[in-house]
Amino acid sequence: MKYNSTRNKNAVVSASQAIAQGISEEGGLFVPQELPKYSLEEMNDLCRLDYRGRAKKIMGDFLSDFTQEEINESVDSAYTAEKFGSDNPSPISYIESGDKKMAVLELWHGPTCAFKDMALQILPHLLTKSVKKACSGKEAVILVATSGDTGKAALEGFKDVDGVRIMVFYPVDGVSPMQKRQMATQKGNNVSVMAIKGNFDDAQTGVKKIFTDSAVKAKLAEHNMLFSSANSINWGRLLPQIVYYFSAYCDMVNEGKITMGDGVNVVVPTGNFGNILASFYAMNMGLPVKKFICASNANNVLTDFIRTGTYDKQRTFYTTMSPSMDILVSSNLERLLYHLTDGNAEKVSEWMKALSTEGKYRVDEDVKAKLTQYFWGGFCDDENTQKTIRELYQEENYLCDTHTAVAVNVYEQYVSETGDKTPAILASTASPYKFAKSVLTAVTEEALPEDEFAMVDALSAATKTAVPAPLAALKEAEVRFTAECAVEEMPAAVLNGLGLEA
């Protein structure tokens, strides 16, 4: 299995090179040249395996320069009951009443209570093995831009990993108080956290520029270092996410909710487009998905793109109660465009250049037709997000976070508009306790406490649900990182943080 760049088909690398490098030299993202295909019989075989067994099979088919022993060690180390609370790291809660036929795929039972753990608990194992294969002897410097959850999950995954340093940038006013505290209190001798004076798109653009800055890269090379990424621009981050869609389908078959071969819809609260793209890859590998329902908050650039074929980031940026989706430049959309154009790297490169220089691009009619064939887009503002949390709790006794609520609301819009009652796998991406203030406001009319941890306790008391242990432990954790910088100061912050002096 080899990988191309979305902007240069002549850039051909192995799986370990793609993971170690993170991003192609010209700024493109690595994509597999072909996808493994699974028949219904082979999917029945997956149904007989547990989560770890499914992960070993699927990831092994993509990581052809890894030994089976290396894959087994990575999977077994990542998905333990100690880290995820059970042998199934992604359990399903079923909500089946009225027009709702939702299999709520809970992806937040890991150590940081967000879906990013599903990939970022295994990425350190894949990355360290990849660096040894492709760049022997070098120290990897992981740069991360986060809208809230990726940062903490990456920090937790890479803390104290030999041969790796990790630096996380987040928007100073663009994450929840709990997300900020998770990052600010991170333990580990190889970790660094910096707030930037800007939004997530500023952080993401800043990191991408550093990746392709020849002077900065030369400075690292002098000290036997290289950049890599833990964002979903890294194939090693995206690949593990394919697994849980197959696993969810198998669990639904095993639990008698569907019959093997039945179609399902997939609903994902979407920011950077990685989570929903993983399900698109799964469909192209044989998972019988009928429709991908892309759920956005008030930053509805993806909704407009799916409906019109024009991607325009020149719009008002909203800071919402679902901050992990407060994104106007969805990086992984580039991979989808590459596949929808049948690998036309030149066309994709032109669109990405237009987005950078003009702030927008428009796809051709062929790509637009494929978009509407596969995807349906909708959005939900903060008012309706809270209304959905309240109704879901009152009517179904199910407590969800703000991002999951966006997905539920948009799914209901989809069913109302189309009448399509196909069973849906709905990605639930975070614990409600990561956004305690917004969730508490939705489910009770009591006056809010001022302290974030008092809100967490009040939410637990009001709903008779347990506070996840990793979040409860933050109350007494020492704050280590408080620094801020301007966007243009990010390259200097990286070099200074590495002791290389800008």
S.K.: For Lys370, is the NZ atom crowded, meaning more than 12 foreign heavy atoms sit under 6.0 Å from it?
M.R.: yes
S.K.: Going by heavy atoms in the side chains, are Glu334 and Trp351 under 4.5 Å from each other?
M.R.: no
S.K.: Could you walk me through whether Tyr318 and Asn297 pass side-chain contact (heavy atoms from CB on, under 4.5 Å), step by step?
M.R.: CA-CA 9 Å; Tyr318 297 101; Asn297 61 19; over 6 Å; no
S.K.: Under 6.0 Å between ring centres: does that hold for His403 and Phe115?
M.R.: no
S.K.: Run the salt bridge (charged side-chain N to carboxylate O under 4.0 Å, His left out) test against Glu488 and tell me which residues pass, sequence neighbours left out.
M.R.: none
S.K.: With side-chain contact (heavy atoms from CB on, under 4.5 Å) as the criterion, how do Met490 and Ile196 come out once you've worked through the C-alpha distance, each side chain's angles and the decisive distance to 0.1 Å?
M.R.: CA-CA 8 Å; Met490 287 172 64; Ile196 66 143; 4.0 Å; yes
S.K.: State the CD-OG1 distance between Gln204 and Thr146, to the nearest 0.5 angstrom.
M.R.: 10.0 Å
S.K.: Say whether, by atom type as modelled, one donor and one acceptor occur between the side chain of Ser77 and the main chain of Ser74 under 3.5 angstrom.
M.R.: no
S.K.: Would you confirm whether Ser90, through its side chain, and Ser247, through its main-chain N or O, come within 3.5 Å as a donor-acceptor pair?
M.R.: no
S.K.: Between Leu302 and Phe375, is there a side-chain heavy-atom distance shorter than 4.5 Å?
M.R.: no
S.K.: Between Glu96 and Lys257, does at least one N-O distance fall below 4.0 Å, as a salt bridge requires?
M.R.: yes
S.K.: Answer yes when Asp87 and Arg52 have at least one side-chain N-carboxylate O distance shorter than 4.0 Å, and no when they do not.
M.R.: yes
S.K.: side-chain contact (heavy atoms from CB on, under 4.5 Å), that's the test. Do Val406 and Thr402 meet it? Break it down for me.
M.R.: CA-CA 6 Å; Val406 168; Thr402 50; 6.0 Å; no
S.K.: Do we see a donor-acceptor contact under 3.5 Å between the side chains of Asp117 and Thr112?
M.R.: yes
S.K.: In Å, rounded to the nearest 0.5 Å, how long is the span from NZ of Lys464 to CG of Asn397?
M.R.: 10.5 Å
S.K.: Looking only at atom types and distance, does a side-chain atom of Asn300 sit under 3.5 Å from a main-chain N or O of Thr303, one as donor and one as acceptor?
M.R.: no
S.K.: Is there a donor-acceptor contact under 3.5 Å linking the side chains of Lys159 and Gln186?
M.R.: no
S.K.: With a 3.5 Å distance limit and no angle check, can you tell me whether Asn265 reaches the backbone of Lys291 through a side-chain donor-acceptor pair?
M.R.: yes
S.K.: Can you tell if the side chain of Ser324 reaches within under 4.5 Å of the side chain of Gln179, non-hydrogen atoms only?
M.R.: yes
S.K.: Cut-off 3.5 Å, side chains only: do Asn332 and Arg335 have a donor facing an acceptor?
M.R.: yes
S.K.: Could you tell me whether the side chain of Arg362 and the main chain of Thr308 form a donor-acceptor pair under 3.5 Å?
M.R.: yes
S.K.: Report the C-alpha distance between Phe280 and Tyr374 in whole Å, list the side-chain angles of each, state the deciding distance to 0.1 Å, and finish with yes or no for ring pair (Phe, Tyr, Trp, His ring centres under 6.0 Å).
M.R.: CA-CA 9 Å; Phe280 180 78; Tyr374 294 120; 5.5 Å; yes
S.K.: Any donor-acceptor pair under 3.5 Å linking the side-chain atoms of Asn409 with those of Asn384?
M.R.: no
S.K.: Can you measure from CD1 (Ile166) to OG (Ser192) and round to the nearest 0.5 angstrom?
M.R.: 10.0 Å
S.K.: Is it true that Lys434 and Asp149 make a salt bridge, defined as a side-chain N closer than 4.0 Å to a carboxylate O?
M.R.: yes
S.K.: With a 3.5 Å distance limit and no angle check, can you tell me whether Ser431 reaches the backbone of Cys113 through a side-chain donor-acceptor pair?
M.R.: no
S.K.: Do any N or O atoms from the side chain of Glu391 and from the backbone of Thr388 form a donor-acceptor pair under 3.5 angstrom?
M.R.: no
S.K.: Hey, does the side chain of Glu489 reach the backbone of Ala486 with a donor-acceptor pair shorter than 3.5 angstrom?
M.R.: yes
S.K.: Under 4.0 Å between a Lys/Arg side-chain N and an Asp/Glu carboxylate O for Glu383 and Lys387?
M.R.: no
S.K.: Do Asn275 and Thr429 have side-chain heavy atoms sitting under 4.5 Å apart?
M.R.: yes
S.K.: Less than 3.5 Å apart, any donor N or O on the side chain of Tyr244 or Gln241 sitting next to an acceptor on the other?
M.R.: yes
S.K.: Is it the case that the side chain of Ser460 and the backbone of Val456 share a donor-acceptor pair, with hydrogens and angles ignored and the cut-off at 3.5 Å?
M.R.: no
S.K.: Say whether, by atom type as modelled, one donor and one acceptor occur between the side chain of Asp326 and the main chain of Ser147 under 3.5 angstrom.
M.R.: no
S.K.: Any side-chain donor paired with an acceptor under 3.5 Å for Asp401 and Thr404?
M.R.: yes
S.K.: Identify whether NZ of Lys or CZ of Arg in Arg307 sits under 6.0 Å from the centre of the six-membered ring of Trp376 and within 45° of that ring's axis.
M.R.: yes
S.K.: Under 6.0 Å from the NZ atom of Lys437, do we count more than 12 heavy atoms belonging to anything else shown?
M.R.: no
S.K.: Can you list every ring-ring contact (aromatic ring centres under 6.0 Å, His included) pair that touches residues 81-109, not counting sequence neighbours?
M.R.: Tyr79-Phe84
S.K.: Under the ring-ring contact (aromatic ring centres under 6.0 Å, His included) test against Tyr281, which residue among Trp235, Tyr245, Phe246 passes?
M.R.: Trp235
S.K.: Any salt bridge between Asp420 and Lys101, counting N to O under 4.0 Å?
M.R.: no
S.K.: Consider only side-chain N and O atoms of Ser93 and Glu106, and report whether a donor and an acceptor are under 3.5 Å apart.
M.R.: yes
S.K.: With a 4.5 Å limit on heavy-atom distance, are the side chains of Asp251 and Asn88 in contact?
M.R.: yes
S.K.: Report yes or no: do Ser438 and Gln386 form a side-chain donor-acceptor pair below 3.5 Å?
M.R.: no
